[in-house]
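Since the structure is predicted, the reported quantities are computational estimates derived from the model, not experimental observations. In the text below, chain A, chain B and the rest are named by the order of the sequence lines, each starting its count at 1.
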Amino acid sequence: MHRFANPARFLKIARVATPITALLGLALLAAGLGLGLFSSPPDYLQGESVRIMYVHVPTAWFGMGGYLFVALASAAFLVWRHPLADVAARAAAPVGATFTAVCLMTGALWGRPTWGTYWVWDARLTSMLVLLFLYLGYIALANAYDDRERGGRAAAILALVGVVNLPIIKFSVEWWNTLHQPASIRMSGSSIHPEMLQPLLLAALGFQLIFAATVLMRMRTALAGQVIAARAARLAGAHG
Amino acid sequence: MKPKQQRLALVGVALAVIAGASTLAVSALGETATYFYSPSDVLAKGVAPGEAIRLGGLVEPGSVAREGATILFRVTDNAQQTAVRYTGIIPDLFREGQGVIAEGKFGADGTFVADSVLAKHDENYMPPEVAGALHKTKTAAEAGE
Amino acid sequence: MMQTPFIVASYAIAITGVLGLFAVSYVQMRRAERQAAALRKERRGQ
């Protein structure tokens, strides 16, 4: 654990991992969305709007997966007090929030032609909106204190409490009657035709790598920012 | 215990408490969080005429009739059926045998009068040819029975 | 109902949102790392 928590060692790995994840992610995303838009078949009921699935479903997965990452990094920060865990959680939160917002908006755009409405307050849609608010609350709280450490700790506690929302999102469609349909991809198999599943999985892998690359870049920005801030503080001390 | 282990234990206990509390909250929420009731739920609950609810289920095959802009159909959960009357724009995905959610109230005659109708989509995604083939085999199997 | 506008809008939102943040993060990283490297060099030069 602590082996990877060393910022210098992290930067060494991140400098290699960033271009690989970024370029591979862009290529897979282009392939998945290209197939999804142009060569995958329409759905027998939804027609062409099934293509919205290729952006909606991956952003939903990694909107939720991103929150799990923020929560795990927050737990590591609370227990081990290691600053790099705080940097990781803070870097991932806006990325996860963006994915969640994209998921909500594309879902609305799918709902209008399919269900006949942009939005309903059913358990799935509402709990996904709560996820976006949890992200926004985390970001606000992390930056609310002059003391970075205190803000990080308060936000980390919020992130941990919010984890209960993840199983609620996942199982909302089974626990309650919802307008949103149940999961198509389960342990027992998939109810999505292979010609539609293939672009979906390609796009999902692309989105995941883009997510990772964005988090890596934001972490590198934060670490470089610490060097710049330390220098500014030294200069202020020397002149003052 | 070292402080690190203390904090680890504290986080673990806090998470267990939060998990327990939210399990209670979710089970207490129960059917308040439900978006619609099935015809069987409606029968069990005893919904009064004039009470606004959402009724959901499948459009019973062969039950759809149109009277001008008004559409009449039955919603079924394969156990109970409820007759629905609706005047207005119906979603494109409204089909016999597919899911539907009607929002409205029961009239005095026991017919559910809907103010809005939403189509529900299920978890199956497939191209039209595949769906056609599936439909054909299903009908063939039914004919063979 | 015409579905094309909904599909176009979905892809536009997804690509602008996700790749927009990706691009902004890249620019910010380049700027911050260049500035930090310049500071380190300056310190060594002193």
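The minimum heavy-atom distance between A/T106 and C/S10, with the atom names listed, is CG2-O, 3.6 Å. Counting all heavy atoms, side chain and backbone alike, A/G47 lies closest to C/Q3 at C-OE1, 3.7 Å.
Residues forming a ring pair (Phe, Tyr, Trp, His ring centres under 6.0 Å) with A/F211 (at least two apart in sequence, or on another chain): A/F99.
Here OH of C/Y11 is found 12.0 Å from CG of A/L109. Values are rounded to the nearest 0.5 Å. The OG1 atom of A/T221 sits 6.5 Å away from atom CD of C/E33, with the distance rounded to the nearest 0.5 Å. Atom CZ of A/R231 sits about 11.5 Å away from atom CD of C/Q35, to the nearest 0.5 Å.
Among A/A224, A/G36, A/G225, the residue with the largest count of heavy-atom pairs under 4.5 Å with chain C is A/A224. Taking A/V227, A/I52, A/V102 one by one and counting their heavy-atom pairs under 4.5 Å with chain C, the maximum is reached by A/I52. Contact tally against chain C (heavy-atom pairs below 4.5 Å) for A/M217, A/H56, A/R218: the top residue is A/M217.
For A/V215, no part sits under 4.5 Å from any heavy atom of chain C, backbone or side chain. When heavy atoms are compared at a cutoff of 4.5 Å, A/L223 does not approach chain C at all. Within the 4.5 angstrom heavy-atom criterion, only side-chain atoms of A/T98, from C-beta onward, approach chain C. For A/Q226, no part sits under 4.5 Å from any heavy atom of chain C, backbone or side chain. Of the atoms belonging to A/A91, not a single heavy atom falls under 4.5 Å from chain C. Of the two parts of C/R40, only the side chain, counted from C-beta on, holds a non-hydrogen atom closer than 4.5 Å to a non-hydrogen atom of chain A. Within the 4.5 angstrom heavy-atom criterion, no atom of A/F62 approaches chain C.
Inter-residue side-chain proximity for A/L29 and C/I15 is flagged as unmet; no heavy-atom pair is nearer than 4.5 Å. Annotation: side chain of A/E48 is not in contact with side chain of C/F6 (no heavy-atom distance under 4.5 Å). Two residues are said to be in side-chain contact when any heavy atoms from C-beta on lie closer than 4.5 Å; C/V18 and A/V55 fail this criterion.
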